[in-house]
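Here the structure comes first, spelled out in C-alpha coordinates, and everything after it is commentary.
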There are 2 protein chains.
Amino acid sequence: MPREIAERRDAIPALGEVFREHGFSGSSLAEISQHTGLGKGSLYHFFPGGKTEMAEAVLDDVTNWFEENVFSTMLDSKHPEGVIRSMFEAVNCYFRSGERTCLVGAFALNDTRDRFGDRISKYFNAWTDALTSALKRTGFSEKNAAETAEDIIVSIQGALVLARSKQDAEVFIRTLKRLQRRIATEPHGV
Amino acid sequence: MPREIAERRDAIPALGEVFREHGFSGSSLAEISQHTGLGKGSLYHFFPGGKTEMAEAVLDDVTNWFEENVFSTMLDSKHPEGVIRSMFEAVNCYFRSGERTCLVGAFALNDTRDRFGDRISKYFNAWTDALTSALKRTGFSEKNAAETAEDIIVSIQGALVLARSKQDAEVFIRTLKRLQRRIATEPHGV
DNA sequence: TACAGTATATACCAATCAGTACAATAATGC
DNA sequence: GCATTATTGTACTGATTGGTATATACTGTA
(Lines give C-alpha, C1' and ligand atoms only; values in the text may rest on other atoms or scores of the structure.)
Protein backbone atom coordinates (compact mmCIF):
# COMPACT_ATOMS: atom_id res chain seq x y z
CA MET A 1 0.00 0.00 0.00
CA PRO A 2 1.62 3.24 -1.05
CA ARG A 3 1.80 6.34 1.01
CA GLU A 4 -1.20 8.63 1.06
CA ILE A 5 0.41 11.59 -0.60
CA ALA A 6 -1.34 14.80 0.27
CA GLU A 7 -0.48 16.53 -2.98
CA ARG A 8 -4.09 16.79 -3.89
CA ARG A 9 -4.54 19.08 -0.93
CA ASP A 10 -1.46 21.04 -1.90
CA ALA A 11 -3.01 21.97 -5.23
CA ILE A 12 -6.16 23.43 -3.72
CA PRO A 13 -4.91 26.92 -2.84
CA ALA A 14 -3.69 27.45 -6.40
CA LEU A 15 -6.96 26.08 -7.74
CA GLY A 16 -8.81 28.53 -5.54
CA GLU A 17 -6.81 31.40 -6.95
CA VAL A 18 -7.61 30.40 -10.51
CA PHE A 19 -11.33 30.05 -9.88
CA ARG A 20 -11.41 33.29 -7.96
CA GLU A 21 -9.70 35.12 -10.78
CA HIS A 22 -11.50 33.66 -13.78
CA GLY A 23 -14.70 32.20 -12.39
CA PHE A 24 -15.65 28.61 -13.03
CA SER A 25 -16.38 28.67 -16.75
CA GLY A 26 -13.56 31.11 -17.36
CA SER A 27 -10.98 28.80 -15.83
CA SER A 28 -9.52 26.63 -18.58
CA LEU A 29 -7.59 23.48 -17.87
CA ALA A 30 -4.63 25.11 -19.56
CA GLU A 31 -4.73 27.95 -17.06
CA ILE A 32 -5.26 25.57 -14.17
CA SER A 33 -2.40 23.39 -15.32
CA GLN A 34 -0.08 26.34 -15.66
CA HIS A 35 -0.99 27.94 -12.35
CA THR A 36 -0.85 24.76 -10.30
CA GLY A 37 2.24 23.47 -12.04
CA LEU A 38 0.48 20.15 -12.62
CA GLY A 39 0.09 18.57 -16.04
CA LYS A 40 -3.20 17.24 -17.25
CA GLY A 41 -2.15 13.76 -16.26
CA SER A 42 -1.67 14.77 -12.65
CA LEU A 43 -4.77 16.91 -12.52
CA TYR A 44 -7.02 14.13 -13.73
CA HIS A 45 -5.22 11.70 -11.48
CA PHE A 46 -6.04 13.76 -8.40
CA PHE A 47 -9.39 15.01 -9.64
CA PRO A 48 -10.92 12.34 -11.87
CA GLY A 49 -14.09 14.37 -12.04
CA GLY A 50 -12.28 17.17 -13.86
CA LYS A 51 -12.97 20.85 -13.35
CA THR A 52 -16.14 20.17 -11.41
CA GLU A 53 -14.34 18.06 -8.85
CA MET A 54 -11.58 20.65 -8.56
CA ALA A 55 -14.10 23.36 -7.79
CA GLU A 56 -15.88 21.13 -5.32
CA ALA A 57 -12.61 20.53 -3.54
CA VAL A 58 -11.95 24.25 -3.36
CA LEU A 59 -15.43 25.00 -2.03
CA ASP A 60 -15.06 22.28 0.58
CA ASP A 61 -11.73 23.71 1.55
CA VAL A 62 -13.19 27.17 2.00
CA THR A 63 -16.05 25.84 4.10
CA ASN A 64 -13.68 23.75 6.20
CA TRP A 65 -11.51 26.76 6.84
CA PHE A 66 -14.44 28.79 8.10
CA GLU A 67 -15.78 25.80 10.01
CA GLU A 68 -12.50 25.34 11.85
CA ASN A 69 -11.40 28.92 12.26
CA VAL A 70 -14.69 30.72 12.72
CA PHE A 71 -17.92 28.77 13.04
CA SER A 72 -16.90 26.17 15.57
CA THR A 73 -15.76 28.62 18.23
CA MET A 74 -18.84 30.75 17.68
CA LEU A 75 -21.15 27.87 18.46
CA ASP A 76 -19.81 26.96 21.85
CA SER A 77 -17.54 29.63 23.25
CA LYS A 78 -18.16 30.94 26.75
CA HIS A 79 -17.22 34.47 25.70
CA PRO A 80 -19.48 35.37 22.79
CA GLU A 81 -18.38 39.01 22.63
CA GLY A 82 -14.78 38.00 22.10
CA VAL A 83 -15.81 35.36 19.60
CA ILE A 84 -17.70 37.86 17.48
CA ARG A 85 -14.77 40.23 17.56
CA SER A 86 -12.46 37.47 16.45
CA MET A 87 -14.88 36.55 13.67
CA PHE A 88 -14.40 40.02 12.25
CA GLU A 89 -10.66 39.63 12.56
CA ALA A 90 -10.74 36.27 10.79
CA VAL A 91 -12.99 37.65 8.06
CA ASN A 92 -10.77 40.66 7.60
CA CYS A 93 -7.76 38.38 7.38
CA TYR A 94 -9.33 35.84 5.04
CA PHE A 95 -10.56 38.43 2.57
CA ARG A 96 -7.30 40.35 2.79
CA SER A 97 -9.03 43.50 4.01
CA GLY A 98 -11.22 43.57 0.92
CA GLU A 99 -8.62 42.76 -1.70
CA ARG A 100 -9.83 39.21 -2.01
CA THR A 101 -13.15 38.08 -3.34
CA CYS A 102 -15.61 35.57 -1.91
CA LEU A 103 -15.49 32.56 -4.20
CA VAL A 104 -18.74 31.18 -2.83
CA GLY A 105 -20.62 34.41 -3.39
CA ALA A 106 -19.16 34.81 -6.85
CA PHE A 107 -20.19 31.29 -7.83
CA ALA A 108 -23.69 31.99 -6.56
CA LEU A 109 -24.34 34.90 -8.90
CA ASN A 110 -24.70 32.99 -12.16
CA ASP A 111 -25.44 29.50 -13.41
CA THR A 112 -22.35 28.18 -11.67
CA ARG A 113 -24.71 28.02 -8.70
CA ASP A 114 -26.60 25.21 -10.41
CA ARG A 115 -23.57 22.96 -10.16
CA PHE A 116 -22.59 23.73 -6.59
CA GLY A 117 -25.81 24.88 -4.98
CA ASP A 118 -25.63 22.48 -2.05
CA ARG A 119 -22.14 23.58 -1.05
CA ILE A 120 -22.99 27.25 -1.50
CA SER A 121 -26.04 27.16 0.72
CA LYS A 122 -24.24 25.00 3.25
CA TYR A 123 -21.52 27.60 3.61
CA PHE A 124 -23.90 30.48 4.19
CA ASN A 125 -26.26 28.52 6.39
CA ALA A 126 -23.42 27.41 8.63
CA TRP A 127 -22.22 30.98 8.92
CA THR A 128 -25.70 32.30 9.66
CA ASP A 129 -26.34 29.66 12.31
CA ALA A 130 -23.02 30.15 14.06
CA LEU A 131 -23.35 33.91 14.15
CA THR A 132 -26.96 33.79 15.31
CA SER A 133 -25.97 31.48 18.12
CA ALA A 134 -23.18 33.74 19.28
CA LEU A 135 -25.37 36.84 19.13
CA LYS A 136 -28.08 35.20 21.21
CA ARG A 137 -25.56 34.49 23.93
CA THR A 138 -24.51 38.13 24.04
CA GLY A 139 -28.07 39.01 24.95
CA PHE A 140 -29.78 39.45 21.59
CA SER A 141 -33.34 38.20 21.48
CA GLU A 142 -33.98 35.18 19.29
CA LYS A 143 -35.53 37.18 16.49
CA ASN A 144 -33.10 40.04 16.66
CA ALA A 145 -30.10 37.71 16.69
CA ALA A 146 -31.21 36.04 13.46
CA GLU A 147 -31.90 39.33 11.75
CA THR A 148 -28.63 40.87 12.89
CA ALA A 149 -26.67 37.84 11.77
CA GLU A 150 -28.23 38.05 8.33
CA ASP A 151 -27.53 41.76 8.24
CA ILE A 152 -23.87 41.21 9.05
CA ILE A 153 -23.29 38.50 6.46
CA VAL A 154 -25.19 40.50 3.85
CA SER A 155 -23.03 43.52 4.57
CA ILE A 156 -19.79 41.56 4.40
CA GLN A 157 -20.72 40.09 1.04
CA GLY A 158 -21.90 43.42 -0.29
CA ALA A 159 -18.77 45.13 0.91
CA LEU A 160 -16.68 42.64 -1.03
CA VAL A 161 -18.70 43.36 -4.16
CA LEU A 162 -18.50 47.12 -3.77
CA ALA A 163 -14.85 47.18 -2.76
CA ARG A 164 -13.87 45.26 -5.85
CA SER A 165 -16.24 47.25 -8.06
CA LYS A 166 -14.75 50.55 -6.96
CA GLN A 167 -11.26 49.14 -6.59
CA ASP A 168 -11.33 50.56 -3.10
CA ALA A 169 -10.63 48.11 -0.31
CA GLU A 170 -11.43 50.83 2.23
CA VAL A 171 -15.10 50.16 1.57
CA PHE A 172 -14.61 46.75 3.11
CA ILE A 173 -12.65 47.99 6.08
CA ARG A 174 -15.19 50.73 6.80
CA THR A 175 -18.03 48.24 6.59
CA LEU A 176 -16.47 45.88 9.10
CA LYS A 177 -15.91 48.75 11.51
CA ARG A 178 -19.45 50.02 11.08
CA LEU A 179 -20.87 46.56 11.76
CA GLN A 180 -18.87 46.16 14.94
CA ARG A 181 -19.89 49.57 16.15
CA ARG A 182 -23.52 48.81 15.47
CA ILE A 183 -23.43 45.55 17.41
CA ALA A 184 -21.90 47.35 20.36
CA THR A 185 -24.46 50.16 20.49
CA GLU A 186 -27.68 48.67 19.12
CA PRO A 187 -30.43 47.62 21.53
CA HIS A 188 -30.36 43.84 21.76
CA GLY A 189 -34.03 43.33 22.58
CA VAL A 190 -36.98 42.25 20.48
CA MET B 1 -29.53 57.55 -45.93
CA PRO B 2 -31.41 54.50 -44.66
CA ARG B 3 -33.66 54.40 -41.68
CA GLU B 4 -32.00 54.16 -38.28
CA ILE B 5 -33.42 50.83 -37.24
CA ALA B 6 -33.36 50.40 -33.50
CA GLU B 7 -33.12 46.63 -33.54
CA ARG B 8 -29.78 46.77 -31.83
CA ARG B 9 -31.56 48.14 -28.80
CA ASP B 10 -34.17 45.45 -29.02
CA ALA B 11 -31.55 42.75 -28.58
CA ILE B 12 -30.18 44.19 -25.37
CA PRO B 13 -32.67 42.77 -22.86
CA ALA B 14 -32.08 39.25 -24.17
CA LEU B 15 -28.33 39.85 -24.10
CA GLY B 16 -28.64 40.95 -20.50
CA GLU B 17 -30.42 37.76 -19.60
CA VAL B 18 -27.73 35.62 -21.16
CA PHE B 19 -24.89 37.45 -19.43
CA ARG B 20 -26.74 37.40 -16.14
CA GLU B 21 -27.30 33.69 -16.40
CA HIS B 22 -23.92 32.53 -17.66
CA GLY B 23 -21.55 35.33 -16.83
CA PHE B 24 -19.38 36.90 -19.50
CA SER B 25 -16.98 34.09 -20.29
CA GLY B 26 -19.72 31.51 -19.87
CA SER B 27 -21.87 33.13 -22.54
CA SER B 28 -21.05 31.56 -25.87
CA LEU B 29 -22.04 33.11 -29.15
CA ALA B 30 -24.12 30.03 -29.81
CA GLU B 31 -26.11 30.65 -26.64
CA ILE B 32 -26.39 34.35 -27.40
CA SER B 33 -27.51 33.65 -30.93
CA GLN B 34 -30.14 31.20 -29.78
CA HIS B 35 -31.49 33.34 -26.98
CA THR B 36 -31.66 36.55 -28.97
CA GLY B 37 -32.93 34.84 -32.10
CA LEU B 38 -30.23 36.59 -34.09
CA GLY B 39 -27.74 34.73 -36.26
CA LYS B 40 -24.07 35.46 -36.11
CA GLY B 41 -24.38 37.65 -39.14
CA SER B 42 -26.85 39.94 -37.43
CA LEU B 43 -25.04 39.90 -34.12
CA TYR B 44 -21.78 41.03 -35.67
CA HIS B 45 -23.63 43.50 -37.79
CA PHE B 46 -25.09 45.21 -34.73
CA PHE B 47 -22.11 44.59 -32.48
CA PRO B 48 -18.96 44.58 -34.63
CA GLY B 49 -16.88 44.38 -31.49
CA GLY B 50 -18.31 40.97 -30.68
CA LYS B 51 -19.09 39.75 -27.21
CA THR B 52 -17.24 42.62 -25.59
CA GLU B 53 -19.35 45.22 -27.36
CA MET B 54 -22.52 43.31 -26.51
CA ALA B 55 -21.65 43.32 -22.83
CA GLU B 56 -20.73 47.00 -22.99
CA ALA B 57 -24.10 47.75 -24.51
CA VAL B 58 -25.84 45.83 -21.75
CA LEU B 59 -23.86 47.57 -19.02
CA ASP B 60 -24.60 50.95 -20.58
CA ASP B 61 -28.26 50.03 -20.74
CA VAL B 62 -28.30 49.08 -17.06
CA THR B 63 -26.59 52.30 -16.08
CA ASN B 64 -28.93 54.35 -18.24
CA TRP B 65 -31.95 52.71 -16.67
CA PHE B 66 -30.75 53.59 -13.18
CA GLU B 67 -29.71 57.02 -14.33
CA GLU B 68 -33.14 57.79 -15.72
CA ASN B 69 -35.33 55.98 -13.21
CA VAL B 70 -33.39 56.43 -10.01
CA PHE B 71 -30.33 58.63 -9.92
CA SER B 72 -31.62 61.70 -11.71
CA THR B 73 -34.58 62.28 -9.41
CA MET B 74 -32.44 61.68 -6.35
CA LEU B 75 -30.06 64.43 -7.32
CA ASP B 76 -32.54 67.26 -7.59
CA SER B 77 -35.88 66.38 -6.06
CA LYS B 78 -37.47 68.74 -3.57
CA HIS B 79 -38.80 65.82 -1.55
CA PRO B 80 -35.78 63.69 -0.66
CA GLU B 81 -37.69 61.37 1.69
CA GLY B 82 -40.10 60.38 -1.05
CA VAL B 83 -37.24 60.00 -3.48
CA ILE B 84 -35.41 57.62 -1.22
CA ARG B 85 -38.54 55.58 -0.70
CA SER B 86 -39.07 55.38 -4.42
CA MET B 87 -35.45 54.33 -4.89
CA PHE B 88 -36.17 51.30 -2.75
CA GLU B 89 -39.28 50.60 -4.79
CA ALA B 90 -37.36 50.89 -8.04
CA VAL B 91 -34.58 48.67 -6.72
CA ASN B 92 -37.07 46.09 -5.50
CA CYS B 93 -38.76 46.16 -8.88
CA TYR B 94 -35.56 46.01 -10.93
CA PHE B 95 -34.13 43.09 -9.01
CA ARG B 96 -37.48 41.33 -8.98
CA SER B 97 -37.61 41.24 -5.18
CA GLY B 98 -34.32 39.38 -5.05
CA GLU B 99 -34.92 36.87 -7.83
CA ARG B 100 -32.72 38.78 -10.21
CA THR B 101 -28.99 39.26 -9.93
CA CYS B 102 -26.92 42.41 -10.29
CA LEU B 103 -25.01 42.04 -13.53
CA VAL B 104 -22.60 44.82 -12.63
CA GLY B 105 -21.76 43.31 -9.26
CA ALA B 106 -21.38 39.87 -10.77
CA PHE B 107 -18.99 41.15 -13.43
CA ALA B 108 -16.96 42.86 -10.74
CA LEU B 109 -16.15 39.71 -8.82
CA ASN B 110 -13.72 38.12 -11.25
CA ASP B 111 -11.43 39.10 -14.12
CA THR B 112 -14.43 40.24 -16.13
CA ARG B 113 -13.89 43.43 -14.17
CA ASP B 114 -10.66 44.02 -16.07
CA ARG B 115 -12.59 44.46 -19.30
CA PHE B 116 -15.38 46.67 -18.01
CA GLY B 117 -13.87 48.35 -14.97
CA ASP B 118 -14.73 51.88 -16.07
CA ARG B 119 -18.42 51.10 -16.55
CA ILE B 120 -18.60 49.13 -13.32
CA SER B 121 -17.16 51.89 -11.19
CA LYS B 122 -19.21 54.49 -13.02
CA TYR B 123 -22.40 52.65 -12.10
CA PHE B 124 -21.61 52.40 -8.43
CA ASN B 125 -20.16 55.87 -8.16
CA ALA B 126 -23.24 57.40 -9.72
CA TRP B 127 -25.44 55.48 -7.33
CA THR B 128 -23.36 56.47 -4.31
CA ASP B 129 -23.33 60.12 -5.30
CA ALA B 130 -27.05 60.30 -5.96
CA LEU B 131 -27.96 58.60 -2.72
CA THR B 132 -25.53 60.67 -0.69
CA SER B 133 -27.01 63.82 -2.14
CA ALA B 134 -30.56 62.77 -1.30
CA LEU B 135 -29.63 61.74 2.24
CA LYS B 136 -27.93 65.05 2.89
CA ARG B 137 -31.11 66.86 1.96
CA THR B 138 -33.11 64.80 4.45
CA GLY B 139 -30.90 66.17 7.18
CA PHE B 140 -28.00 63.76 7.31
CA SER B 141 -24.67 65.36 8.01
CA GLU B 142 -22.15 65.30 5.17
CA LYS B 143 -20.12 62.50 6.66
CA ASN B 144 -23.07 60.46 7.83
CA ALA B 145 -24.81 60.77 4.48
CA ALA B 146 -21.83 59.34 2.65
CA GLU B 147 -21.41 56.51 5.10
CA THR B 148 -25.11 55.65 5.10
CA ALA B 149 -25.27 55.68 1.31
CA GLU B 150 -22.36 53.28 1.17
CA ASP B 151 -24.01 51.12 3.80
CA ILE B 152 -27.24 50.94 1.82
CA ILE B 153 -25.63 50.03 -1.49
CA VAL B 154 -23.39 47.49 0.23
CA SER B 155 -26.42 45.91 1.84
CA ILE B 156 -28.41 45.77 -1.38
CA GLN B 157 -25.55 44.08 -3.19
CA GLY B 158 -24.92 41.67 -0.36
CA ALA B 159 -28.60 40.85 -0.10
CA LEU B 160 -28.62 39.89 -3.77
CA VAL B 161 -25.65 37.60 -3.20
CA LEU B 162 -27.13 35.97 -0.12
CA ALA B 163 -30.64 35.66 -1.53
CA ARG B 164 -29.35 33.83 -4.56
CA SER B 165 -26.92 31.75 -2.50
CA LYS B 166 -29.66 30.53 -0.20
CA GLN B 167 -32.30 30.50 -2.94
CA ASP B 168 -34.36 32.65 -0.63
CA ALA B 169 -35.56 35.92 -2.05
CA GLU B 170 -36.97 36.86 1.36
CA VAL B 171 -33.43 37.76 2.38
CA PHE B 172 -33.57 40.57 -0.13
CA ILE B 173 -37.01 41.77 0.88
CA ARG B 174 -36.09 41.73 4.57
CA THR B 175 -32.92 43.67 3.87
CA LEU B 176 -34.72 46.43 2.01
CA LYS B 177 -37.22 46.77 4.85
CA ARG B 178 -34.50 46.84 7.46
CA LEU B 179 -32.62 49.55 5.58
CA GLN B 180 -35.70 51.74 5.28
CA ARG B 181 -36.48 51.29 8.95
CA ARG B 182 -32.95 52.21 9.87
CA ILE B 183 -32.99 55.40 7.84
CA ALA B 184 -36.22 56.45 9.49
CA THR B 185 -35.02 55.88 13.06
CA GLU B 186 -31.29 56.48 12.98
CA PRO B 187 -29.88 59.76 14.24
CA HIS B 188 -28.89 61.82 11.22
CA GLY B 189 -26.19 63.86 12.83
CA VAL B 190 -22.45 63.45 12.92
C1' DT C 1 -37.64 49.50 -61.69
C1' DA C 2 -33.08 50.45 -60.36
C1' DC C 3 -30.20 51.43 -56.83
C1' DA C 4 -28.06 51.89 -52.20
C1' DG C 5 -27.60 50.48 -47.93
C1' DT C 6 -29.33 47.29 -44.29
C1' DA C 7 -29.92 42.85 -42.58
C1' DT C 8 -29.18 37.99 -42.35
C1' DA C 9 -27.73 33.08 -43.29
C1' DT C 10 -24.17 30.20 -44.11
C1' DA C 11 -19.82 28.31 -44.67
C1' DC C 12 -15.55 28.63 -42.97
C1' DC C 13 -11.32 29.49 -40.05
C1' DA C 14 -7.59 28.58 -36.69
C1' DA C 15 -7.49 28.17 -31.84
C1' DT C 16 -8.95 26.33 -27.84
C1' DC C 17 -11.96 23.53 -25.12
C1' DA C 18 -12.53 19.43 -21.60
C1' DG C 19 -11.42 15.08 -21.36
C1' DT C 20 -9.06 10.33 -22.59
C1' DA C 21 -5.44 6.94 -23.48
C1' DC C 22 -1.36 5.26 -22.46
C1' DA C 23 3.36 4.72 -22.12
C1' DA C 24 7.17 6.25 -19.32
C1' DT C 25 8.86 7.25 -14.93
C1' DA C 26 9.23 7.60 -9.95
C1' DA C 27 8.38 6.13 -5.50
C1' DT C 28 7.32 2.66 -2.25
C1' DG C 29 6.94 -1.86 0.46
C1' DC C 30 8.71 -6.22 0.86
C1' DG D 1 16.42 -5.83 -6.22
C1' DC D 2 11.83 -6.79 -7.45
C1' DA D 3 6.92 -6.06 -7.80
C1' DT D 4 3.48 -2.86 -7.19
C1' DT D 5 1.46 1.30 -7.41
C1' DA D 6 1.45 6.28 -7.76
C1' DT D 7 2.55 9.92 -10.62
C1' DT D 8 3.38 12.40 -14.78
C1' DG D 9 4.12 13.90 -19.84
C1' DT D 10 2.46 13.65 -24.24
C1' DA D 11 -0.30 12.85 -27.92
C1' DC D 12 -4.78 12.64 -29.24
C1' DT D 13 -9.87 13.16 -29.63
C1' DG D 14 -14.15 15.40 -31.30
C1' DA D 15 -16.62 19.38 -30.03
C1' DT D 16 -16.88 24.10 -29.44
C1' DT D 17 -14.81 28.60 -29.18
C1' DG D 18 -14.93 33.70 -31.06
C1' DG D 19 -14.61 35.73 -35.17
C1' DT D 20 -14.49 36.49 -40.53
C1' DA D 21 -15.92 36.40 -45.35
C1' DT D 22 -19.29 36.50 -48.45
C1' DA D 23 -23.34 35.84 -50.92
C1' DT D 24 -28.03 36.77 -50.68
C1' DA D 25 -32.31 38.88 -49.26
C1' DC D 26 -34.72 42.78 -47.76
C1' DT D 27 -36.27 47.71 -47.63
C1' DG D 28 -36.99 52.39 -48.51
C1' DT D 29 -36.22 55.97 -51.93
C1' DA D 30 -35.87 58.08 -56.40
Side-chain angles (χ1 to χ4, degrees), chain A residues 1-59 103 106-107 110-116 119, chain B residues 1-59 103 106-107 110-116 119:
Chain A
M1 195 185 300
R3 59 176 179 170
E4 177 63 16
I5 276 194
E7 296 231 19
R8 182 189 145 116
R9 285 205 64 194
D10 299 346
I12 289 181
L15 286 173
E17 283 175 35
V18 177
F19 286 128
R20 234 178 271 269
E21 169 124 20
H22 305 288
F24 181 74
S25 52
S27 297
S28 68
L29 285 179
E31 188 85 26
I32 290 170
S33 175
Q34 191 180 337
H35 201 268
T36 57
L38 294 172
K40 274 192 185 183
S42 308
L43 284 172
Y44 275 86
H45 175 71
F46 290 125
F47 306 94
K51 253 174 74 169
T52 300
E53 189 172 340
M54 299 178 208
E56 284 170 352
V58 171
L59 289 173
L103 185 69
F107 274 15
N110 55 38
D111 66 350
T112 306
R113 211 213 95 97
D114 302 343
R115 287 170 174 265
F116 309 109
R119 283 160 222 262
Chain B
M1 195 183 298
R3 64 186 173 156
E4 178 65 17
I5 275 193
E7 296 229 20
R8 182 190 143 115
R9 286 203 65 195
D10 299 345
I12 290 180
L15 286 173
E17 284 175 33
V18 176
F19 286 128
R20 233 178 272 271
E21 169 124 19
H22 305 288
F24 181 74
S25 51
S27 297
S28 67
L29 285 180
E31 187 86 26
I32 291 170
S33 175
Q34 191 180 338
H35 200 267
T36 57
L38 295 173
K40 273 191 184 182
S42 308
L43 284 171
Y44 274 86
H45 175 68
F46 291 125
F47 306 94
K51 253 174 74 171
T52 300
E53 189 172 341
M54 299 178 207
E56 284 170 353
V58 171
L59 289 173
L103 185 70
F107 274 16
N110 56 39
D111 66 349
T112 306
R113 211 213 94 99
D114 302 343
R115 286 168 174 265
F116 308 110
R119 283 162 222 259

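Predicted model, so just to flag it, every value in this text is computed and none were measured. A note on names: the letters A, B, ... follow the listed sequences, proteins ahead of strands, and every chain is numbered from 1. Just so it is clear, the values below take in all heavy atoms, side chains as well, and ignore hydrogens, waters and symmetry mates.
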For this session: Go through C:dC17, D:dT8, D:dT17 for me and flag the one nearest to the B:A30 side chain.
Result: D:dT17

Seminar exercise, completed: note: B:D10, atom CG; C:dA7, atom P; distance rounded to Å ~ 11 Å

Exercise. Does A:F24 offer a backbone N or O that forms a donor-acceptor pair with the side chain of A:K51 under 3.5 Å?
Worked result: yes

Seminar exercise, completed: When rounded to whole Å, the CD to P distance for the pair A:E7 and C:dA26 reads 15 Å

Problem set entry | Phosphate contact (D:dT8 OP1 or OP2) by A:H45 side-chain N/O below 4.0 Å | no

For this session: Establish, with yes or no, whether the OP1 or OP2 oxygen of C:dA7 is under 4.0 angstrom from a side-chain nitrogen or oxygen of B:S42.
Result: no

For this session: Under 4.0 Å between any heavy atoms, over every strand shown, what does A:S27 touch: base, sugar-phosphate, or nothing? Just pick one.
Result: sugar-phosphate

Exercise. Less than 4.5 Å apart, any side-chain heavy atom of B:F19 and any of A:N110?
Worked result: no

For this session: Might you confirm whether atom CD of A:E31 has over 12 heavy atoms from other residues, nucleotides or ligands at distances under 6.0 Å?
Result: yes

For this session: Starting at atom CZ of A:F47, determine the distance to atom C1' of D:dT7, rounded to an integer number of angstrom.
Result: 14 Å

Exercise. Given atom CZ of A:R115 and atom P of C:dA18, what is their separation to the nearest angstrom?
Worked result: 11 Å

Exercise. Under 4.0 Å between a side-chain N/O of B:S28 and OP1 or OP2 of D:dT16, yes or no?
Worked result: no

Problem set entry | B:T52 side chain near B:F47 side chain, heavy-atom distance below 4.5 Å | no

Exercise. Looking at D:dG9, does its base get a donor-acceptor pair with the side chain of A:K40 below 3.5 Å?
Worked result: no

Problem set entry | Protein-nucleotide distance (A:L38, atom CG; C:dG19, atom P), rounded to Å | 16 Å

Seminar exercise, completed: Out of C:dA18, D:dT7, D:dG18, minimum distance to the side chain of A:F46 belongs to D:dT7

Exercise. To the nearest angstrom, how far is A:E31 atom CD from C:dA18 atom C1'?
Worked result: 15 Å

